[in-house]
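Below, all heavy atoms of this structure are taken into account, side chains as well, without hydrogens, waters or symmetry copies. Every value quoted in this text rests on a predicted model; they were computed, and no experiment measured them.
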Amino acid sequence: MDDTTLRVLATIVPLAPLAAFAINVFFGRWRLQHLTGLIASAALAISALAATGILLGTLGRHDAAIVMLYRWIGVGTFQIDVSFQIDQLSTLMMLVVTWISFLIHVYSMGYMHDDHGYWRFFSWLPLFVFFMLVLVMADNYLLMFVGWEGVGLCSYLLIGFWFEKPAPQAAANKAFWMNRIGDWGFMVGVILIFLTFGSLAFRDVFAKVGIAQSELLTAICLFLFLGATGKSAQIPLYTWLPDAMEGPTPVSALIHAATMVTAGVYMTARSTPLFAEAGPALLVVAVIGTATAVLAATIALVQTDIKRVMAYSTVSQLGYMFLGVGVGAPIAAMFHLATHAFFKALLFLGSGSVIHALGGQQDMRHMGGLKPKLPITYWTMLIGGLALAAIPPLAGFWSKDEIVNSAFFRGQGYEWFWAIGVTTGALTAFYTMRMLWLTFHGAPRDRHLYEHAHESPRVMTTPLIALAVGAALAGLVLGWPPDAGWVHQYLGPLFERAEAIDYSRIAVLATISAVAGVLGLGLAWLTYARRRPDPERVARTFAPLYTLLVNKWYLDAFYDHNVAGAFRWLFGASWAFDLAFIDGFVNKLAAGFQIGGRNLRRLQTGIVGNYALTIVLGLLFVGAAYAYLRLRQ
């Protein structure tokens with residue numbers, strides 16, 4: 001592909017959704033109405049086709065292409081361009097973001113059809129995709145930060161889309177503030193990068209990584225990772241993501257599968273040359289990722305809201321991705337990011353189909369027996385659920401196993417990460433089967449909802465079918481043979497990889513993981529289908545543990561009552577200080593001038609006789625003072 005064609009396609013990819021936003025936000029409410037959905041979907045189709053063209057045109061090219069649009073900042077030696085870096089990593093992300101977002105946009109036309117804010121929804125949604133594309137295509141950290149902040153803004157607008165209700169308002173504010181904490185860390189890391197290397201362009205920074213001291217690199221990477229924990233919902237900044245379910249379901253699918261939460265994983269993988277030289281930074285990434293995966297999976301075991309089960313599942317799967325980066329397997333992490341996009345978008349949109357069929361009901365305790373009522377939704381969600389549970393040969397099996405196997409092959413105590421990853425996989429299979437059984441099987445637990453349930457329209461089921469195909473085949477297409485598939489060959493030039501592949505050990509480890517997943521599915525089926533053991537009895541027997549999980553390990557309560565409470569006290573004290581001292585001093589000074597002004601105003605009577613008397617009295621006073629001073633001499 002020649003440079004001109006590449007430049008045109010690279011420009012089309014982000015500008016198509018931006019153009020859809022501009023058209024819809026200015027003309028949607030009064031003129032376009034429901035045409036806004038078609039405009040946004042068409043724009044995403046154009047963007048996805050352009051991204052595919054870039055992939056096909058750059059296959060076999062190992063060097064990165066820089067597409068410069070214009071000079072953004074030029075102050076002395078501080079030169080920042082609005083330019084895109086087209087390489088294997090950014091191209092893979094462009095494909096995931098555009099194609100998954102396109103399917104979500106199409107689905108949204110049916111899901112949001114009767115919403116009074118339809119035009120507004122299809123204004124913010126393509127803007128969200130635009131900022132995500134800026135983030136993944138940027139060739140420098142500052143432009144990446146623009147996209148980073150842009151997706152944060154759009155998440156605030158879309159999580160709080162139904163702003164008339166208190167819950168979405170609170171969820172949007174929570175997401176905004178928790179991400180601001182992470183963004184502060186990312187911003188500090190970017191500043192340190194410039195002070196250390198004198199540039200923010202990836203190619204310059206990575207070329208000079210050897211000049212920085214290990215301690216300084218560790219600090220830079222830890223600040224960057226703090227930003228990643230906010231965007232990608234990892235400990236300690238993960239609690240905003242489950243609450244983000246208050247937004248429309250397509251927004252949840254977009255955030256969890258194609259935008260926002262994948263940003264932290266992408267940024268960390270992009271910064272691998274820094275992390276590789278940053279001492280213990282990668283170990284911190286692996287520990288946080290593993291801990292988050294386990295924590296979120298245990299909470300998902302007892303959730304009753306179908307969307308919250310999926311939300312905690314996303315937090316857990318993102319933990320796997322960070323584990324992959326942390327054990328030195330960024331290709332495996334990006335492979336799992338790609339496969340996860342298919343089955344997680346499918347599961348969220350399938351959940352939306354169920355909610356749509358039940359008139360807004362999200363509590364699985366009111367569902368059951370929906371399989372014959374929603375056949376397409378059921379079979380597609382079954383494929384997505386089995387892919388999430390990493391059951392072979394579906395997509396999640398190949399990518400998740402590659403991550404945990406990389407931890408095992410790392411050795412030096414990293415086998416513990418493998419063991420925890422396999423155990424978490426069994427928990428994932430358990431809560432996935434629990435969700436599917438409570439939703440689609442057994443007797444209906446709410447006869448009224450069951451009688452009125454119906455399959456979603458074709459505009460919603462067609463994206464489900466497309467995503468189900470991806471959830472079934474993406475692992476084989478991208479990752480076969482293990483550790484040497486297309487995705488490994490494609491991303492190989494960017495990351496160092498071990499050359500020797502021990503397929504016998506891979507087969508043994510994969511078998512263990514598959515057995516763990518099947519055991520998780522089987523235990524969930526026995527518990528909820530055969531009631532052996534009875535779930536209510538288990539909850540009573542292990543009441544302290546069950547209460548701990550229901551209350552989400554009390555971390556949300558700790559943040560709300562202690563951290564947020566401390567900040568409320570600090571803000572209240574600051575307000576009182578401002579009111580009593582700063583405003584108080586200024587107000588008292590102003591009151592003094594007012595009093596003095598009122599008294600001095602009485603001297604201005606407008607009567608000439610009074611003024612003459614005042615002049616005479618003044619002359620007498622001056623004369624008396626003069627006579628007194630003469631006598632003293």
More than 12 foreign heavy atoms under 6.0 Å from [atom1] of [X]: is that the case here?
X: Phe542; atom1: CZ; result: no
X: Arg180; atom1: CZ; result: yes
X: Phe335; atom1: CZ; result: yes
X: Trp379; atom1: CH2; result: no

Looking only at heavy atoms, which two atoms of [X] and [Y] are closest? And how far apart?
X: Thr268; Y: Ala228; result: OG1-CB, 3.8 Å
X: Leu135; Y: Gly147; result: CD1-C, 3.9 Å
X: Ala341; Y: Val96; result: CB-CG1, 3.7 Å
X: Glu455; Y: Ser353; result: OE1-OG, 3.7 Å
X: Ala233; Y: Leu241; result: CB-CD2, 3.7 Å
X: Ala471; Y: Ile383; result: CB-CG2, 4.3 Å

Taking side-chain contact (heavy atoms from CB on, under 4.5 Å) as the test, write out the residues that go with Leu519, two or more places apart. Val515
Is there a side-chain contact between [X] and [Y], using heavy atoms and a 4.5 Å cut-off?
X: Phe176; Y: Leu153; answer: no
X: Lys307; Y: Ile355; answer: yes
X: Leu127; Y: Val25; answer: no
X: Met381; Y: Ser351; answer: yes
X: Phe128; Y: Val151; answer: yes
X: Thr229; Y: Tyr238; answer: no

Once side chain to side chain donor-acceptor pair (under 3.5 Å) is applied, do any residues pair with Arg120, and if so which ones, sequence neighbours excluded? none
Output yes when a side-chain donor or acceptor of [X] lies under 3.5 Å from a complementary backbone atom of [Y], and no otherwise.
X: Arg29; Y: Trp119; answer: no
X: Tyr559; Y: Pro236; answer: yes
X: Tyr320; Y: Gly421; answer: yes
X: Lys400; Y: Ala390; answer: no
X: Tyr266; Y: Met93; answer: no
X: Gln169; Y: Phe163; answer: yes
X: His452; Y: His448; answer: yes
X: Thr380; Y: Thr377; answer: yes
X: Ser316; Y: Tyr312; answer: no
X: Thr304; Y: Asp363; answer: no

Does a donor on one side chain sit under 3.5 Å from an acceptor on the other, for [X] and [Y]?
X: His336; Y: Glu402; result: no
X: Tyr111; Y: Thr249; result: yes
X: Thr527; Y: Trp437; result: no
X: Thr36; Y: Tyr118; result: no

Give a yes or no on whether a salt bridge exists between Glu451 and Arg447, defined as a side-chain N under 4.0 angstrom from a carboxylate O. yes
Using 4.0 Å as the upper bound for N to carboxylate O, is an ion pair formed by Arg365 and Asp446? no
As a test of understanding, state which of Val315, Thr292, Leu555, Thr290 forms a side-chain contact (heavy atoms from CB on, under 4.5 Å) with Ile235.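 Result for side-chain contact (heavy atoms from CB on, under 4.5 Å) with Ile235: Thr292.
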At what distance, to the nearest 0.5 angstrom, does [atom1] of [X] lie from [atom2] of [Y]?
X: Leu237; Y: Met178; atom1: CG; atom2: CE; answer: 5.0 Å
X: Ser252; Y: Glu246; atom1: OG; atom2: CD; answer: 9.5 Å
X: Met321; Y: Met334; atom1: CE; atom2: CE; answer: 9.0 Å
X: Phe567; Y: Asn562; atom1: CZ; atom2: CG; answer: 12.0 Å
X: Leu318; Y: Leu337; atom1: CG; atom2: CG; answer: 8.0 Å
X: Leu125; Y: Ile104; atom1: CG; atom2: CD1; answer: 7.5 Å

With under 30° as parallel and over 60° as perpendicular, where do the rings of [X] and [Y] fit, or are they tilted in between?
X: Tyr378; Y: Phe440; answer: perpendicular
X: His256; Y: Phe348; answer: tilted
X: His105; Y: Phe122; answer: tilted
X: His34; Y: His113; answer: tilted
X: His340; Y: Phe343; answer: perpendicular

Please lay out, stage by stage, how Met364 and Val309 fare under the test side-chain contact (heavy atoms from CB on, under 4.5 Å). CA-CA 10 Å; Met364 295 185 295; Val309 174; 3.8 Å; yes
Dump the intermediate steps for ring pair (Phe, Tyr, Trp, His ring centres under 6.0 Å) on Trp124 and Phe161, then the final yes or no. CA-CA 9 Å; Trp124 304 144; Phe161 180 76; 8.8 Å; no
Can Met435 and Gln303 be said to form a side-chain contact (heavy atoms from CB on, under 4.5 Å), step by step? CA-CA 9 Å; Met435 180 270 294; Gln303 293 298 304; over 6 Å; no
Would Trp553 and Leu548 satisfy side-chain contact (heavy atoms from CB on, under 4.5 Å), going step by step from the backbone distance to the final call? CA-CA 5 Å; Trp553 291 76; Leu548 179 67; 3.9 Å; yes
Working for side-chain contact (heavy atoms from CB on, under 4.5 Å), residues Ile100 and Leu467: CA-CA 8 Å; Ile100 299 297; Leu467 289 168; 3.8 Å; yes
Think Arg434 forms a cation-pi with Phe430, using NZ or CZ under 6.0 Å from the six-ring centre and within 45 degrees of its axis?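 No, Arg434 does not lie over the aromatic ring of Phe430.
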